[in-house]
Amino acid sequence: MRRFTISTLRDFGMGKSTIEEKIAEECVSLNKYFASFKGKPFESTMILNAAVANIIVAILLGYRMEYDDPQFKRLLDLTNENIRLLGKPMVSLTNIFPLLEYFPGSHKTILKNADELYDFIRRTFVEYLKNLDENDQRSFIDVFLVKQKEVQEEISRVIGSAQPMYSHRTQMPYTNAVIHEIQRVADIVPLNLGHLTTRDVTFRGYSIPKGTYIIPLLTSVLRDETQFEKPEEFYPNHFLDSKGNFVKKDAFMPFSAGRRACAGETLARMELFVFFTSLMQQFTFSSPLGPNNVDLTPITGITNSPKPHEICAVPRN
Ligand code: HEM
């Protein structure tokens, strides 16, 4: 499934200019939406979530959704609530002791929300199946359905009834360093995803048996004082040399590392660069509370996300 996902994302332009065009189109809508507030304070988190989600929506469904589309908002709310709840202790406990599933708690809400999300996905798939044209594979879902169809045909045959442009970044070392530093400080996936050792391992003198549940703390690397001069500060120079050239850091691993690292890294990097640079090109940002009163304490679930807040985006022209 991972291989299918990555190769199909590539077919739909991940890491190439085709997807960059989609990101740039989304930027135009995002800029227009920000401009519509005419410099007055507004809550930006959901809109930014929607813009990022729209890229994957465009890949999956072949079209984008409007930021105030009630169905889109509902899907984003459900996803955000689940991301927040996944970090609750009761959810971790239920993963360890499945019998707790029968007791009340956040895990029940997660399952209810997931049902609603899956229901939307199922309905959308059925709709796409009706209109599927194998010669015009517009979206990820179409490709998936064609693959699924091929698999089904094979089963029948064999078994029968028995189943602003990313390339600019090389010329913009500072912007690139700022974006890296934002990701380092934001520390979006602090605990990474859980992993399991597939064999006995000896690591720095510790023996870890096969089948041990591992939580590879990304926070510890992103805030490592041996790797970053001022780990607790926002300091873009972490990614610049004395001549102002961009420097890569091995400890910069917000997407994790190894064979199961984030499958969307290339896409996410492109989105971050194109959205960020484009917004900065169009607007000057400020907080209605003043620069010293901004609360940067995150809401911690399985991810760190910003608390609800308002910003002012004042058009530069
Ligand atoms: C700034 C944005 C993002 C960050 C910081 C991020 C971070 C991560 C991290 C830390 C993991 C866990 C890796 C591990 O288990 O070692 C992960 C997994 C994953 N991410 Fe992302 N991600 C981002 C955006 C995206 C996007 C846009 C997509 C979709 C295209 C995506 C798709 C995935 C998938 C499919 C996995 C599971 C990979 C696997 O288990 O094999 N991510 N991500």
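In each ligand, atom 1 is the first atom listed, and ligand 1 is the first ligand listed. Because only heavy atoms are used, hydrogens play no part in the values below, and waters and symmetry mates are left out as well, while side chains stay in.
Minimum heavy-atom separation, V185 to R223: O-NH2, 2.6 Å. Closest heavy-atom contact between H309 and S44: NE2-OG, 3.7 Å.
Under 2.8 Å from atom 21 (Fe) of ligand 1, one finds the following protein N/O/S atoms: C262 SG.
A donor and an acceptor atom, one from each side chain of E43 and T45, are located under 3.5 Å apart. Between the side chains of D200 and S207, no donor-acceptor pair of N or O atoms lies under 3.5 Å.
With F228 as the aromatic partner, R184 meets the cation-pi criteria of under 6.0 angstrom to the ring centre and within 45 degrees of the ring axis.
For atom 30 (C) of ligand 1, the nearest non-hydrogen atom from the set I182, T303, I56, L272 belongs to I56. Comparing S256, A186, P216 against atom 16 (O) of ligand 1, the shortest heavy-atom distance belongs to S256.
Looking at heavy atoms from C-beta onward, F239 lies out of side-chain contact with K248 at the 4.5 angstrom threshold. Contact of the D68 side chain with the Y33 side chain is registered, since non-hydrogen atoms from C-beta on lie closer than 4.5 Å. For the pair P190/L218, no side-chain contact is recorded, criterion being any heavy-atom separation below 4.5 Å from C-beta on.
Closest protein heavy atom to atom 12 (C) of ligand 1: N192 OD1, 3.1 Å. Nearest non-hydrogen protein atom to atom 40 (O) of ligand 1 is R260 NH2, 2.9 Å. Annotation: atom 5 (C) of ligand 1 to nearest protein heavy atom, P254 O, 3.7 Å. The protein heavy-atom contact nearest to atom 1 (C) of ligand 1 is Q183 NE2, 3.7 Å. Scanning the protein heavy atoms around atom 41 (O) of ligand 1, the nearest turns out to be R2 NH1, 2.2 Å.
Under a 4.0 Å criterion applied to the non-hydrogen atoms of L267, ligand 1 contributes the atoms 30 (C). The contact set between ligand 1 and L218, taken as ligand atoms under 4.0 Å from a residue heavy atom, comprises 10 (C).
With sequence neighbours left out, the side chain to side chain donor-acceptor pair (under 3.5 Å) criterion links T297 to D295.
Aromatic ring centres of F246 and Y174 lie farther apart than the 6.0 Å criterion allows.
Contact annotation for H195 and ligand 1: only side-chain heavy atoms (C-beta onward) come within less than 4.0 Å of the ligand.
For atom 8 (C) of ligand 1, the nearest protein heavy atom is under 4.0 Å away.
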Practice item. Start with the C-alpha distance between R74 and E116, add both sets of side-chain angles, then the distance that settles salt bridge (Lys or Arg N to Asp or Glu O under 4.0 Å), and finish with yes or no. Key: CA-CA 10 Å; R74 178 72 189 150; E116 197 175 330; 2.8 Å; yes
